[in-house]
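What follows is a short report on a single structure.
The structure presented is a predicted model; accordingly, all values stated were derived computationally and were not measured. The figures here come from the full heavy-atom set of this structure, side chains too, leaving out hydrogens, waters and symmetry mates.
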Amino acid sequence: MTQIFDNINDQVLHTYIFWSAILVGKMLLMSVLTIMQRFRKKAFVNEEDIVTDKKLKLKFDDPDVERVRRAHRNDLENILTYFAIAFFYMLTNPDPWIAGTIFRAVAIGRIIHTVVYALVVVPQPTRLLAWLVPYAACLYMTAQTVLYFL
């Protein structure tokens with residue numbers, strides 16, 4: 001009897017781990033980017049953050065800080081889902097080239113999404129396309145996984 005984890009190709013696993021680590025690093029950098037925006041805009045939301053400078057006031061609605069926070073939240077909504085479905089997809093013994101292309105497309109799409117959403121605001125449909133490519137890839141992996149385990 002074949003064990004389910006025997007279907008994971010070493011090359012596919014290696015590629016998944018590499019690009020997933022890139023995405024984890026990107027998400028960690030989003031916290032730093034939020035902090036940098038807060039200091040740049042002097043937009044702090046906790047009393048203890050402004051105690052050293054009596055001229056500062058709490059500020060909850062800075063548009064630049066909120067844009068970075070929304071981009072980070074979008075990562076949490078989409079990248080965590082990718083981690084799960086990409087792992088399940090690996091269990092279907094996909095073609096290494098196809099799987100690698102999907103993993104790269106998701107990571108690069110998410111990086112571009114952050115750049116055009118939080119760093120250099122670019123008119124639509126750039127952000128939509130940067131979101132749509134990884135989303136479509138996750139839909140594809142979901143369909144392939146469901147069909148495989150049907």
Side-chain angles (χ1 to χ4, degrees), residues 2-46 48-50 59-150:
T2 304
Q3 297 295 322
I4 194 165
F5 292 111
D6 291 344
N7 283 344
I8 298 178
N9 176 291
D10 285 345
Q11 181 182 350
V12 172
L13 179 62
H14 182 271
T15 305
Y16 168 76
I17 291 170
F18 175 81
W19 287 105
S20 292
I22 295 292
L23 288 173
V24 167
K26 184 205 129 7
M27 289 186 354
L28 290 170
L29 287 174
M30 292 303 294
S31 297
V32 173
L33 185 58
T34 302
I35 292 166
M36 289 171 55
Q37 281 290 64
R38 285 200 184 285
F39 275 94
R40 186 174 75 80
K41 302 298 294 274
K42 297 187 182 349
F44 301 104
V45 295
N46 297 304
E48 64 270 19
D49 297 335
I50 63 170
K59 187 173 183 183
F60 297 94
D61 59 352
D62 183 85
D64 295 326
V65 173
E66 290 307 309
R67 179 171 282 277
V68 173
R69 291 183 67 226
R70 286 190 307 272
H72 194 182
R73 185 175 60 227
N74 192 280
D75 280 349
L76 294 171
E77 293 167 355
N78 291 278
I79 293 174
L80 298 178
T81 303
Y82 159 76
F83 291 152
I85 195 57
F87 179 78
F88 299 153
Y89 175 66
M90 283 192 303
L91 299 175
T92 70
N93 195 22
D95 177 85
W97 185 84
I98 293 172
T101 301
I102 291 170
F103 299 161
R104 278 186 293 280
V106 168
I108 292 168
R110 292 306 310 172
I111 291 166
I112 292 170
H113 181 270
T114 295
V115 169
V116 300
Y117 195 172
L119 299 177
V120 182
V121 180
V122 177
Q124 289 285 25
T126 307
R127 189 176 84 231
L128 171 65
L129 294 172
W131 171 85
L132 189 59
V133 169
Y135 188 81
C138 287
L139 282 177
Y140 170 81
M141 290 187 292
T142 300
Q144 291 298 314
T145 302
V146 167
L147 292 172
Y148 183 87
F149 287 103
L150 190 62

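Expressed to the nearest 0.5 Å, how far CE of M36 lies from OG of S31 amounts to 12.5 Å. From L80, atom CG reaches atom CD1 of I85 across 13.5 Å, with rounding to the nearest 0.5 Å. A distance of 7.5 Å separates OG1 in T114 from CG in L119, rounded to the nearest 0.5 Å. From D64, atom CG reaches atom CD of Q37 across 5.0 Å, with rounding to the nearest 0.5 Å. Note that CD of E77 is 12.0 Å distant from CZ of R70, once rounded to the nearest 0.5 Å. Once rounded to the nearest 0.5 Å, the distance linking CZ of F83 with SG of C138 reads 10.5 Å.
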Next item on the list: May I have the step-by-step check of side chain to side chain contact (heavy atoms under 4.5 Å, CB included) for F5 and M90, ending in yes or no?
Entry: CA-CA 9 Å; F5 292 111; M90 283 192 303; over 6 Å; no

Checklist line | Step-by-step side chain to side chain donor-acceptor pair (under 3.5 Å) determination, Y16 to N9 | finding: CA-CA 10 Å; Y16 168 76; N9 176 291; over 6 Å; no

Notebook entry, point to check: Stepwise, does the side chain to side chain contact (heavy atoms under 4.5 Å, CB included) test hold for F103 with Y89?
Noted result: CA-CA 11 Å; F103 299 161; Y89 175 66; 4.3 Å; yes

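Taking the side chain as every heavy atom from C-beta outward, F149 and Q144 never approach each other to under 4.5 Å. Two residues are said to be in side-chain contact when any heavy atoms from C-beta on lie closer than 4.5 Å; V116 and V121 fail this criterion. Inter-residue side-chain proximity for I98 and I102 is flagged as met; some heavy-atom pair is nearer than 4.5 Å. At least one side-chain heavy atom of I22 sits less than 4.5 Å from a side-chain heavy atom of I111. Considering only heavy atoms from C-beta on, I79 comes within 4.5 Å of K26 through its side chain. Side-chain contact between Y148 and L91 is absent, with no heavy-atom pair separated by less than 4.5 Å. Side-chain contact between Y82 and R110 is absent, with no heavy-atom pair separated by less than 4.5 Å. Between W131 and Y117, every side-chain heavy-atom pair lies at or beyond the 4.5 Å cut-off.
Within a 6.0 Å sphere centred on CG of D95, heavy atoms belonging to other residues, nucleotides or ligands number more than 12. Summarising the local packing, CZ of R67 is surrounded by more than 12 heavy atoms from other residues, nucleotides or ligands at distances under 6.0 Å. Under a cut-off of 6.0 angstrom, the local environment of NZ in K42 is sparse, with at most 12 non-hydrogen atoms contributed by other residues, nucleotides or ligands.
Here the closest heavy-atom approach between residue P134 and residue A105 is recorded as CG-O, 4.3 Å. The nearest pair of heavy atoms linking V12 to P96 is CG2-CA, 3.5 Å. Nearest approach of A137 to V106, heavy atoms of both residues: CB-CG2, 3.6 Å. Minimum interatomic distance between M141 and A86 (heavy atoms only, all atoms of both residues): SD-CA, 3.9 Å. The shortest non-hydrogen separation linking H72 to M27 is NE2-O, 3.6 Å.
T92 places no side-chain N or O within donor-acceptor distance of the main-chain N or O of F88, the cut-off being under 3.5 Å. Although no hydrogens or angles enter the test, the distance criterion places a donor-acceptor pair under 3.5 Å between the side chain of N78 and the main chain of N74. With hydrogens and angles ignored, the 3.5 Å screen pairs no side-chain donor or acceptor of Q11 with any backbone N or O of T15. Judged by distance alone, the side chain of T101 and the main-chain N or O of W97 form a donor-acceptor pair under 3.5 Å.
Taking the charged nitrogens against the carboxylate oxygens, D62 and R38 have no contact shorter than 4.0 Å, which rules out a salt bridge.
Aromatic pair F39/F44: centroids less than 6.0 angstrom apart.
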